[in-house]
Amino acid sequence: MSGGQIGNTCVFGLSWGDEGKGKIVDLLSSHFGLVVRFNGGANAGHTVCVDNEKYALHLLPAGVLHEHTVGVIGPGVVVDPLGLIEEIDELASRGINVEKKLKISERAHLVMAYHKIEDRLSEQASGSGSRIGTTARGIGPCYADKMKRTTAVRFIDLLHDDDLSGRIRRIVAAKKASFQALYGDDDGLDADAVLADIDVGRTRLSDLITDTTELLHGAIQSDQQILFEGANGLLLDIDHGTYPYVTSSSTGPHGIGAGAGVPASVLKHRIGVVKAYSTRVGAGPFVSELADETGDRIREAGHEYGTTTGRPRRCGWFDAVSIRYAAQVSDATHVALMHLDTLSGFAEVGLCTAYRIGNQTVQSFPACTSLLEQAEPIVEMLPGWNGDLRSIRSFDALPESARAYVQRIESVVGVPVSIIGVGPDRSQTLVRDPLRNVLPVPETSTV
Ligand code: IMP
C-alpha cells in the first residue's frame, strides 16, 4: 500500500488519551514521507501491533516503524534523552533501525532527572484530593521550566552552550534547595549524575539534532505529505481539557503551530480518535464512568491497562457530551471509532448524551471541575449486538445494532465516523466514505 495523495493529516485523541491513535497512525503512515510529534513527551504510549508483534512507543512518532518514513520530534515535545535512546535501542534489538531517519528539533526541551523527581515528589506531597495522577515522566515540571526560561535546557544547548555544565550545576543546586524546602527530600539528586546523562544524550543524539521547522517547511513546499501525531488527548489539553486534571501541552491540531512550527492551515484532514466507550487514567472528573461490574467488564474485554504506567484504566459509557466538545474545539473532520469489537456481547450499550447538574440538563461541557464532579450522566441505552466483529471487513456487514450505535454517535457528535476499529490488527479496520476514496483497504500488518 503506498503513495496516494491524502493531504497533510493530523491524528489526535478526542478523549483522555489511550484512544488507539497508534493503530490509526500505523494504518496511514505508508502514505506519508514524514511523521511528526508536536506535543507531550514520554507520557504518551502508542501501541502498534505489527505481524503479531506489539511495539509500545512513548517518544518516537509511531509512524516511524514504516521503513520509508522520516520521524520528526518537533519543538513542542519535551524529550527525556535517556528514554529516547532506550526506545531507539529496543527497536534496534528487534531489527528496526530508526536512528538514521529520526530528527530532533534544536528547539525541543530536555526532560532531566530533576523533572522526574519533582513530578514524583510533588504528587506524593499532594493530598489525595489534589493529586493529578501524572505519569511521573517529568512532563509538567519540564514544561514549567520551559515557561520559566532561566532553568530550561534545549537540544541546541547540547551543541552550543559553552557554559552548560555551569548552568546545570546552578540549576541542580537551586532544585535541591527547593525540593528540600518543599518536600524535605531531594531523592539523591546529584549534579554529576545529571551531567553524565547529558553527556550520554550528546554522544548518542547530536547527529539527530536539526532545524526541524525548516525541514518541515521545505517538505511542504515540495508537496511531501506530513502526518502529525498528537499525543495524550483533547480532554487532557492544557487549555481545553478538564483542568487541572490535564497534561501540560496542546494536544490537538491547534498544537501544530506552536509545537511543530508550521501552521495548522496546512492540514487537510483532522482525524479525532476515540474508543466506542470512554476511559481515563489518573484523577479527574469522568461523568459517564461505570465504577461497577459493567465498567470492570469493559476493562477486561478491552485490556484497559496503561501502556506507559500499567495502571488499570477507569471505564465508562461513551461520553458524547465531552467528545462533541472535543470535536468542536479541534474542528475534527473525521472520527476514528476504535474498539467497537470490545462492546460485543453486551445486551445494551450506553451513550451519555447530556449531563444532569442539579435540576438542569446540560449539553455543553462545563469548565468547572466541581460541576463535572456533581454531574450525573443522562444515558441513552441502545440495543447491543453479539458475535465476534474481528473478521468483518465492511460497515454494511456489521450487525444492525452496531451500525445503529455508530450512526447515533455520528449524529450526536456531529462528525462522520470514517474509520472503525474492530480488532487490534491493521486489517481489522473498516474505512468508510469519504476517506475510502484516498485510503486503500487496510492489509494485514507488515512493516
Ligand atoms: P502528565 O502528562 O504525566 O503530567 O499527566 C497528567 C495527566 O494526564 C494524568 O492524569 C495522566 O494520567 C494523563 N495522561 C498523560 N498522558 C496520557 C496518555 O497518553 N494517555 C492517558 N493519560 C495520559
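One-based numbering, in listed order, for ligands and for the atoms of each.
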Side-chain donor-acceptor pair present, D341, S344, cut-off under 3.5 Å: no

Within the 4.0 Å heavy-atom sphere of ligand 1, strictly under, residues: W16, G17, D18, N43, A44, I132, G133, T134, T135, N232, L236, V246, T247, V281, G282, R311

T242 and R280 side chains, donor-acceptor separation under 3.5 Å: yes

Between Y245 and W16, ring centroids under 6.0 Å: no

Pairing residues for R297 by the salt bridge (Lys or Arg N to Asp or Glu O under 4.0 Å) criterion, not counting sequence neighbours: none

Shortest non-hydrogen contact between I104 and L84, atoms and distance: CD1-CD2, 3.6 Å

Check: H240 ring centroid to H254 ring centroid under 6.0 Å: yes

